Amino acid sequence: MEQGVSIRMRRPKIRSYTICAIFLLLSTGCLSKPDGNSVRKEHVATLEAQDILRLPLEQGAVGYDRVAQALRSVVHFKLLRQEPPILKAAGPITLTDGIVVSDVTVEDYKGQRKLSLAFDSDKCFPLAQVEGITDVQIAKALPQEHDDEHGRTFTTKRNGMLAIVSTAGPGSECVGSIVLTQSGA
């Protein structure tokens, strides 16, 4: 009888080394910390503070819809009331210019639209920019005894939209809030 030689082939260990290497690369990527200055992308709206005024005043209802959609696309909105519907942003929204909208409420019903926004006071949305967008003449003002606690308020109408802009407080040169609504004219 002829004795045969048995050759046993060994599998290369490349497969197990490759799997280990991939695992290590993925796990170190998961352990890395984001820097403290980064803002979560899903909370950054694709518009600047001045766009919130400019688009509705220049484009009317179409511009209003663009602003509302940009804000709705980045953060979840809670339903505050069913009829007529009132929506409130679940958190702050950072705009591309770094200005933070701390509170947003949207009321859209029966053809009437109202968008109310409050701005965070940490980064100023300068009142001087509002003058360049609207037809409102804004003069520098020193705090007066008769100023109320909410600061000054300016209104303007254009293309069927009414914009109400309020300063952050008496003597402030920063926008504190904006209300956009259909003016009916």
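These figures come from a predicted structure and were not determined experimentally. Positions are given from 1, in the same order as the sequence printed here.
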Apart from Val100 itself, its cluster of hydrophobic side chains linked below 4.5 Å comprises none
What one should report as the nearest heavy-atom pair of Leu71 and Ile93 is O-CD1, 3.8 Å
Gln59 meets the side-chain hydrogen bond (donor to acceptor under 3.5 Å, both in side chains) criterion, sequence neighbours left out, with Arg66
Sorted by chain and number, sequence neighbours left out, side-chain hydrogen bond (donor to acceptor under 3.5 Å, both in side chains) with Asp120 holds for none
Would you check, one step at a time, whether the test side-chain contact (heavy atoms from CB on, under 4.5 Å) holds for Leu79 with Leu87? CA-CA 5 Å; Leu79 185 64; Leu87 303 171; 3.7 Å; yes
Phe119 meets the ring-ring contact (aromatic ring centres under 6.0 Å, His included) criterion, sequence neighbours left out, with Phe125
Cluster membership besides Val179, Ile/Leu/Val/Met/Phe/Trp/Tyr side chains within less than 4.5 angstrom, sorted by chain and number, is Leu162, Ile164
Under 4.5 Å between any side-chain heavy atoms of Ile52 and Leu180, yes or no? yes
- Query: Within the side chain of Thr96, is there an N or O that forms a donor-acceptor pair under 3.5 Å with the backbone of Thr46?
  - Reply: no
In terms of heavy-atom contacts, Ala89 and Val75 come closest through CB-CG1, 4.0 Å
task = Treat each ILVMFWY residue as a node, draw an edge where side-chain heavy atoms are under 4.5 Å apart, and state whether Ile86 and Val104 are in one component.
result = no
Indicate yes or no: does Arg72 engage Asp108 in a salt bridge with an N to O separation below 4.0 Å. yes
Across all chains, not counting sequence neighbours, the salt bridge (Lys or Arg N to Asp or Glu O under 4.0 Å) partners of Asp97 are none
Residues at least two apart in sequence or cross-chain that pass side-chain hydrogen bond (donor to acceptor under 3.5 Å, both in side chains) with Lys114, listed by chain then number, are none
Residues passing the salt bridge (Lys or Arg N to Asp or Glu O under 4.0 Å) test with Lys123, sequence neighbours excluded, are none
Heavy-atom nearest pair, Tyr64 first then Glu107, reads OH-O, 4.2 Å
Sorted by chain and residue number, the salt bridge (Lys or Arg N to Asp or Glu O under 4.0 Å) partners of Arg54 (sequence neighbours excluded) come out as Asp51, Glu58
Value for OG1 (Thr167) from CZ (Arg152), rounded to nearest 0.5 Å, stands at 5.5 Å
In short, disulfide bond (SG atoms under 2.5 Å apart) pairs touching residues 77-126 with sequence neighbours left out are Cys124-Cys174
Is any side-chain heavy atom of Gln129 less than 4.5 Å from a side-chain heavy atom of Glu48?
no
Salt bridge (Lys or Arg N to Asp or Glu O under 4.0 Å) filter on Arg81, not counting sequence neighbours, yields none
Nearest heavy-atom approach of Ile178 to Val165 is CG1-CG2, 4.3 Å
Exactly one candidate in Asp65, Val67, Val62 meets side-chain contact (heavy atoms from CB on, under 4.5 Å) with Leu55; the answer is Val67
side-chain hydrogen bond (donor to acceptor under 3.5 Å, both in side chains) filter on Gln112, not counting sequence neighbours, yields none
Report task. Kindly indicate whether the side chain of Asp103, heavy atoms from C-beta on, has any atom under 4.5 Å from the side chain of Leu117. Result -> no
Correct closest heavy-atom pair for Thr156 and Leu57 would be CG2-CD1, 3.9 Å
Residues Ser166 and Thr153: closest non-hydrogen pair is OG-OG1, 3.2 Å
